[in-house]
Number of protein chains: 2
Amino acid sequence: MKAGFVRGKQRFFCKDCTYYFTLPNPKERSERRGRHQTTIIDIAQDLGVSNSTVSRALHNHPDINPNTRKAILDKAIELDYQPNQLAHSLVKSRTNTIGIVVPEFLTQFFPNVIVGAQRVLRQADYNLMIMQSGESYETEVANTKALLANRVDGLLVSMSHETNNYDHFLSFEKRDIPVVYFNRVIEGLGTHKVVANDYRGAFAAVEHLILNGYRRIAHLGGPPNLLISQERLRGYQEALRKYGHPLLPELVIHGDFTAQKALIYGQHLLDMAQPPDAIFAVNDPTAIEVLALAKAKGIRIPEELGVVGFSDDPIAVHIGKGLTTVKQPTTQIGEAAAKLILGLLRGEQANLSPQTIVLEAELVVRGSSIKAAG
Amino acid sequence: MKAGFVRGKQRFFCKDCTYYFTLPNPKERSERRGRHQTTIIDIAQDLGVSNSTVSRALHNHPDINPNTRKAILDKAIELDYQPNQLAHSLVKSRTNTIGIVVPEFLTQFFPNVIVGAQRVLRQADYNLMIMQSGESYETEVANTKALLANRVDGLLVSMSHETNNYDHFLSFEKRDIPVVYFNRVIEGLGTHKVVANDYRGAFAAVEHLILNGYRRIAHLGGPPNLLISQERLRGYQEALRKYGHPLLPELVIHGDFTAQKALIYGQHLLDMAQPPDAIFAVNDPTAIEVLALAKAKGIRIPEELGVVGFSDDPIAVHIGKGLTTVKQPTTQIGEAAAKLILGLLRGEQANLSPQTIVLEAELVVRGSSIKAAG
DNA sequence: TTGTAAGCGTTATCAA
DNA sequence: TTGATAACGCTTACAA
């Protein structure tokens, strides 16, 4: 048996088993105070019990002496102990955290979804880690990487309009981390989704315009790769078809949700030789741009131009005589997505096929679409 | 030397040193595959190097053979290795994460602040963990606890209007975790703050009303404990004083930022025997309630009632003839708060006295406050 | 240039 | 009922 010193500790070598080891030194730890968060071990040492006993007390494990428990809990309060979630997550390989990636924060839609999701998750003792991509694919990838590195247990996603490659999402599924897409989803990706009934909402909006006497109805749409855009377009088309209106390709333009594009394409529509007498916009910001344009051009709303938006942004009720729009169940989308992912984490839908939850949308009629004499 | 088996592993006892130990078994780990994220050790084993070598390669440490490094980086990609931030944070006692607690998400103000903060933090390779209290003290406490458990390196806070007890924030400072308060701060708490110049903004707003011929100017204020409310009130008072207007206590009412209270108090003001001819509201939502009330009562804006808000919410430009309001530098507040906290983490202001950063606010004049003939 | 092993703060499995 | 210790995945001081 040889012996030596390593970092101030005596080190031994067992010849028979060719193994080095040092003697544990119980004094050592207690020196290591100052600028350090109190741990389970600090409590244990102060009380002369073992750390496992402390751990049991803090999680009221059945096998523990009530007196011991009380002493430990008191000491924990005295030392202002706060559990270290990092260590906990590391050993459990579970962080109790769900990540959410949204394209933006600046309309009311996503904040509302987040509020709904947070409510459900907090109840189940999960945290929500919120990331915002600013409609940038690059940032979205960086966000998902960060969430992966932080080992979130699940992911809620609404994609940026730039996103055309989905590898960064698929790498969650590869690791068996459940993913639920909401609102901005794409077709084909065989996964769990929560969406509003965009088709029915759009259909109702356009039907309403038709029944109010508008004849030449245009559609300012969203990015064509998103299901949301496809469904709203389909609703528009089906409504026209039902009432025998022609589908005129020149009256459909795809934007990208930005005000800038809305302005350019809206201008284009209003400047046509034969301009539309109504516009169904893919969302409220787009519709609001159209209203502003009309005002600037002296086009009267709703007599000369009917306008309908989508989302029921709080602005909608205040603008002009009110903007007719399709109201989406925002918080409910968040709640549904959260519930779905909690179910997946419990392994409920383990070998079920991907689920799509569709929540109904509702037309809210205001001043921008009611011709005085239909 | 005794020997025995523990959990399938041979266990030895060294009599001389009274120490138990087991022989490390290098084979064992490689069996443990399936549903597990690839780790540094998986890479090490595949390549027959040690985990420290892998760690060095991944952080391009200088002392490493370029060939070894290349092999390791290639293998990391092949195995789709993603670092485990939890383990990393645990050993470094640093999470590279800043927490932010905001009272709400549903006006544009806080989302904008968050966007600004996130931009600065991401550049410094920090993550932002966003929490929202919904103006509830309880939730705010729960949020800060969660952030503490997650060992954020710093905290950005804007308080809920319910908050009157600050222990949950102080427990960060007790642990030497820097805290920066922004926007909704309280006086006295001797800490770092970032605020807009509420005083100057309010002064400019009320001065503008006076110069436009309004004589009896009321103020619908915010919760009196918040500095933001105090400063806006002070600006209101100083402007009146400067122009020799009397300070009438009956024309000042403190609300709590909710639309409900705004409605009740607005109603009260307009129903007075001698009602005000102008109202300076503590924020835009309050001002918008007043405008709606006036409309319902048939009071003409701005002839019979001048209205000024605060925040320049995007709604403000669209509502009626436009709402005059004080524009705050939202993203800049976020950026400034983030920069300040990064500085604190670098230990720059270590023994400097708490810093208060004041960013200028700007009056934006619109239709709600310009009398035709002053 | 590479390997060994301690340590970060927990939980959990055995032994006692 | 309690204690000892391995394990979670990583960094790093020191040894080789």
Side-chain angles (χ1 to χ4, degrees), chain A residues 4-9 11 13 19-26 28-29 32 36-44 47-59 61-69 71-72 81-95 149 151, chain B residues 4-9 11 13 18-26 28-29 32 36-44 47-59 61-69 71-72 81-95 149-151:
Chain A
F5 275 84
V6 182
R7 247 171 290 171
K9 285 176 71 173
R11 190 199 203 207
F13 179 74
Y19 193 69
Y20 285 100
F21 60 89
T22 53
L23 244 38
N25 178 356
E28 182 174 305
R29 215 172 236 283
R32 169 200 70 105
H36 116 103
Q37 312 240 39
T38 61
T39 72
I40 234 171
I41 299 183
D42 296 318
I43 299 176
L47 258 44
V49 298
S50 76
N51 48 351
S52 35
T53 303
V54 175
S55 175
R56 277 189 282 257
L58 294 172
H59 294 82
H61 189 95
D63 292 346
I64 191 161
N65 186 315
N67 299 324
T68 319
R69 166 160 49 231
I72 289 171
Y81 170 77
Q82 292 292 344
N84 186 327
Q85 176 68 40
L86 299 170
H88 181 271
S89 298
L90 185 59
V91 53
K92 305 279 277 188
S93 338
R94 209 162 43 82
T95 53
R151 295 296 189 262
Chain B
F5 274 84
V6 181
R7 246 170 290 171
K9 284 175 73 173
R11 190 198 201 209
F13 179 73
T18 64
Y19 194 71
Y20 284 100
F21 59 88
T22 52
L23 245 38
N25 178 355
E28 183 176 303
R29 214 173 235 284
R32 171 200 69 109
H36 119 103
Q37 311 238 39
T38 61
T39 73
I40 232 172
I41 299 183
D42 296 318
I43 298 176
L47 259 42
V49 298
S50 77
N51 46 352
S52 42
T53 303
V54 175
S55 175
R56 279 188 281 257
L58 294 172
H59 294 82
H61 190 94
D63 290 348
I64 190 160
N65 186 315
N67 300 323
T68 318
R69 166 161 49 232
I72 289 172
Y81 170 77
Q82 293 291 344
N84 186 327
Q85 176 69 39
L86 300 170
H88 181 272
S89 298
L90 187 59
V91 53
K92 303 281 275 187
S93 336
R94 210 162 42 82
T95 53
N150 278 284
R151 295 295 189 264

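First the proteins, then the strands, lettered A, B, ... as listed; each starts at 1.
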query: Can you find an N or O donor on one side and an acceptor on the other, under 3.5 Å apart, linking the side chain of Ser55(A) with the base of dA12(C)?
result: no
message: Mind checking if Asp63(A) touches a base, just sugar-phosphate, or nothing, with heavy atoms under 4.0 Å?
response: base
task: Using only heavy-atom distances, decide whether a donor-acceptor pair under 3.5 angstrom links the side-chain of Arg151(B) to the base of dG9(C).
output: no
message: Just to verify, what does Thr95(B) make a side-chain contact (heavy atoms from CB on, under 4.5 Å) with, not counting sequence neighbours?
response: Leu86(A), Ser89(B), Thr97(B), Arg151(B), Asp153(B)
Show the atom names and distances, to 0.1 Å, of all donor-acceptor pairs under 3.5 Å that link a side chain in residues 61-68 of chain A to residues at least two apart or in another chain.
from, atom 1, to, atom 2, distance (Å)
Asn65(A), OD1, Asn67(A), N, 2.8

message: Tell me every residue that passes side-chain contact (heavy atoms from CB on, under 4.5 Å) with Leu90(A), counting only those two or more places apart in sequence or in another chain.
response: Asn84(B), Ala87(B), Leu90(B)
- prompt: In whole Å, what is the span from the CZ atom of Arg69(A) to the P atom of dT1(D)?
  reply: 9 Å
Ser52(A): partners by side-chain hydrogen bond (donor to acceptor under 3.5 Å, both in side chains), with sequence neighbours left out: Ser50(A)
query: Given dG3(C), dT5(D), dG9(C), which nucleotide is nearest the side-chain atoms of Ala87(A)?
result: dG9(C)
message: List the residues meeting side-chain contact (heavy atoms from CB on, under 4.5 Å) with Ser93(A), not counting sequence neighbours, and say none if there are none.
response: none
- prompt: Looking across every strand, which nucleic acid part, if any, lies under 4.0 Å from Ser89(A) by heavy atom: base, sugar-phosphate, or nothing?
  reply: nothing
- prompt: Looking for any heavy atom pair under 4.0 Å, which part of the strands does Ser93(B) touch: base, sugar-phosphate only, or nothing?
  reply: nothing
query: When the distance from CG of Asn84(B) to C1' of dG9(D) is rounded to whole Å, what number comes out?
result: 6 Å
Proximity to the side chain of Arg56(B) - top-ranked nucleotide from dT11(D), dA13(D), dT11(C): dA13(D)
- prompt: Between Thr38(A) and Thr68(B), which has a closest nucleotide on DNA chain C that is more 5'?
  reply: Thr68(B)
field: Nearest listed nucleotide, side chain of Thr53(A), among dC8(C), dG3(D), dG3(C)
entry: dG3(D)
- prompt: So, is Lys92(A) near the phosphate of dA12(C), with a side-chain N or O under 4.0 Å from OP1 or OP2?
  reply: yes
message: Which is more 5' along DNA chain D, the nucleotide nearest Pro66(A) or the one nearest Ser52(A)? Just name the residue.
response: Pro66(A)
message: Nearest to the Ile64(B) side chain among dG9(C), dT2(C), dT2(D), which nucleotide is it?
response: dT2(C)
message: Can you tell me how far apart CD1 (Ile43(B)) and CD1 (Ile40(B)) are? Round to the nearest 0.5 Å.
response: 6.5 Å
- line: To the nearest 0.5 Å, atom CG of Asn51(B) lies from atom CG of Leu58(B) at 11.0 Å
query: Taking for each residue the nucleotide of DNA chain C bearing the nearest heavy atom, is the 5' side occupied by Val91(B) or by His61(B)?
result: His61(B)
statement: Contacts of Asn65(A) and Ile40(B) projected onto DNA chain D by closest heavy atom; the upstream (5') one is Asn65(A)
query: Has Ser50(A) got a side-chain N or O lying under 4.0 Å from the OP1 or OP2 atom of dG3(D)?
result: yes
task: When you get a sec, tell me which of dT4(C), dT11(D), dG3(D) is the closest nucleotide to the side chain of His59(B)?
output: dT11(D)
Rounded to 10 degrees, the angle between the two terminal axes of the helix from dT1(C)-dA16(D) to dA16(C)-dT1(D), each from five pairs: 50°
field: Interatomic distance, Asn150(B) CG vs dG9(C) P [rounded to whole Å]
entry: 15 Å
task: Could you check how far CD1 of Ile41(B) sits from P of dC10(D), rounded to whole Å?
output: 7 Å
query: To the nearest angstrom, how far is Leu86(A) atom CG from dT11(D) atom C1'?
result: 15 Å
